[in-house]
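One structure is given below, encoded as structure tokens.
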Amino acid sequence: MLTYTLQRVALALAIVFVAISALFTIMVTLPGDPTTVLLGPRATPEIRAEFRLQMGLDNPIYVQLADFWGRVLAGDLGTDYYRNRPVAVAVFSALPHTTALVFGAIFWSASLGIVLGAFSADNRNSLLDRVTGVLSVAFIAAPSFVVALYALLLFSVTLRWFPTIGAGEPGDIGSRLYHLILPSLAIGLAWVGYVARIVRASMLETLSESYIRTARAFGLPRRVVIYNYALRVAILPAVQVLGVGIGGMLSAAVFAEIVFSRPGIGSLIYDSVSGRNYPVVMGSMLVAIGFFVTCALIADLINAALDPRHRTKS
Amino acid sequence: MTKTLEVERLSVTYATREGGLQALREVSLEVPAGQIVGIVGESGCGKSTLIGALLHLLPENATRTGGSIRLADEEIATASPRRLRDLRGQDMSVVFQDPMTSLNPVISIGRQMRDIQYRDRIGHAEKNDRAAAMLARVGMPDPKGKLSAYPHELSGGMRQRVAIAMAAMMMPKLLIADEPTTALDATLEIQIIELLKEIQKEIGCAILFISHHLGVIAELCDRVVVMYAGEVVEEGAVEEVFLRPAHPYTQKLIECDPGRLKRKVASLPSIPGSLPDLTNPPAGCIFRARCPYATDICIERPPRVTLTPPHWAACHHAQEVHG
């Protein structure tokens, strides 16, 4: 298990390095110049040149890249020149909101998805199975920002069950969670359907396995056979899909944060990309990718914990 | 002599697109207490369906269309699901064919062995001890340590030992072994056969041993039941049946056993023809189309010709074949 963990961590770091380097290169080579946005159209060429020199924008890309990594490894994500604050402050004050949002979405998709999927497989062709099947496909197909908008309209504006905007009072966990329910559900709903489909399919496959017949041949109670012996195997693909799905949830979080006016990495990236705010873009991308890779790593480790066959495979 | 298992005129039909496939037709056989009975027959003869019917673990499209199954004089063909669950694992247990797939891959050996003791109101540690003792009994090295192992960490032979330990642990009256050595190599096969023999002596259970390997049946079993295309064609003591078969199919089967070949041949012997279509089985003798002894009388359903009891064969020409 230790070797496996170390291998996965090394792989995760490599992924972060490659992804960020590629993004940095794309960002710098993209047309558009922070000097125009930041200094305004009336800045003299001298001021611009001065600024470009200060920011190292004239250096070759590989030098800029090396500089960038050098700073990052020293713990400095750069400075947000637009608001004159360290990028780290901007990113790390936004990160907890996005983390909460994504984990809320994972919570919904894992809990509801696994329960619905297992139950549908156990009661194949029942009314619940059919309804879940249709709704799952519908929610997978609907873009999450549409779901977010309609959820906002229905539950907050019309029914007034949930607050419309914001992330809740700082320091008040209850208020935070209350504000979290709707946006995380809006992101998670598509994944509920997805996970339910996957769990249902893999459950049906598992139920026809020889070892399930063995469990039944030894007279184990039906409940134990299905919700323990079979489900333990059937959830494995769902865990893997959720781990990778965090990337999708992060991009859905961008919309949910805009729709619900929540602070977070999503809205931070959105604002900084439209303003060509390179340091903030790179800082938040670095953290977002790091977050994604960490989550995928956690999913792998959970999978290894659930499936002993994974641990010994190198 | 009491009978542990008595199957009488058992019929099972599968619903298929082409119509009802009559996988078992009026199968009768008995397993006397404390004996090892072998069932032999080629693939598709209904061996697995028979086990499924005994345990009530048939696929959804299968129905029992008639007959009775008595386990220690209790009718179980019509038993309630509740009663059946009590019997499974407790009074009858089974060792399946492929040890690579018959154990749950994500649950430790110990947990799987504890779980099947769920009826006993004893503590976790006691269940563990019992499981370890059983593993030691089937010749597992380091039985205590193996409790925390997962199936993929064990070899095929070791896994089959675990399966046998699980099947024997609850001291069943009837142990069903569904081709338990088919997936293993020859040296392991002998060890597993020896182990089953010992286990049988120790717990005094009856064993129903399914195999298509004649040599294994001859080595292990007291009695043999020969099946062909969903019917029992011959039954009797192993020496009787194998030395002087009374059904042409049994005779052919023995002739085709590769173990009998004395020298290298270009092609292995086989029975000409193929299995009849079981959605529409021919009237009369089921083996008629492939049988060298077939005459006009074979269009009628063959009688059960008793030779030296319990040896009998379902053939019009049984006396002639028996010689």
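Source: prediction; values computed, not measured.
The backbone N or O of A:Gly219 sits less than 3.5 Å from a side-chain atom of B:Arg85, completing a donor-acceptor pair. Between the side chain of B:Thr101 and the main chain of A:Ser210, no donor-acceptor pair closer than 3.5 Å is present.
Around atom OH of A:Tyr229, more than 12 heavy atoms belonging to other residues, nucleotides or ligands sit under 6.0 Å away.
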Checking side chain to side chain contact (heavy atoms under 4.5 Å, CB included) for the pair B:Gln112/A:Tyr211: CA distance, chi angles, key distance, verdict?
CA-CA 11 Å; B:Gln112 296 191 48; A:Tyr211 50 82; 5.9 Å; no
Test side chain to side chain contact (heavy atoms under 4.5 Å, CB included) applied to A:Val224 and B:Tyr118, step by step:
CA-CA 11 Å; A:Val224 176; B:Tyr118 73 100; over 6 Å; no
Given A:Arg309 and B:Glu153, is the salt bridge (Lys or Arg N to Asp or Glu O under 4.0 Å) satisfied, shown in steps?
CA-CA 8 Å; A:Arg309 288 167 298 181; B:Glu153 294 164 338; over 6 Å; no
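Of the inter-residue distances, the one linking A:Phe218 atom CZ with B:Gln117 atom CD reads 11.0 Å to the nearest 0.5 angstrom. Here the straight-line distance linking atom CZ of A:Arg124 with atom CD of B:Glu60 works out to 5.5 Å at 0.5 Å rounding.
For the set A:Asp307, A:Ile212, A:Leu220, A:Thr206, the entry with the most heavy-atom pairs within less than 4.5 Å of chain B is A:Leu220.
In this structure, the side chains of B:Asn104 and A:Thr214 stay at 4.5 Å or more apart for every pair of heavy atoms.
With a 4.5 angstrom heavy-atom cutoff, A:Leu306 touches chain B only via backbone atoms.
By the 6.0 Å and 45° rule, A:Arg213 stacks over the aromatic ring of B:Phe96.
For the pair B:Pro105 and A:Pro308, the tightest heavy-atom approach, listed with the atom from each and the gap, is O-CG, 3.3 Å.
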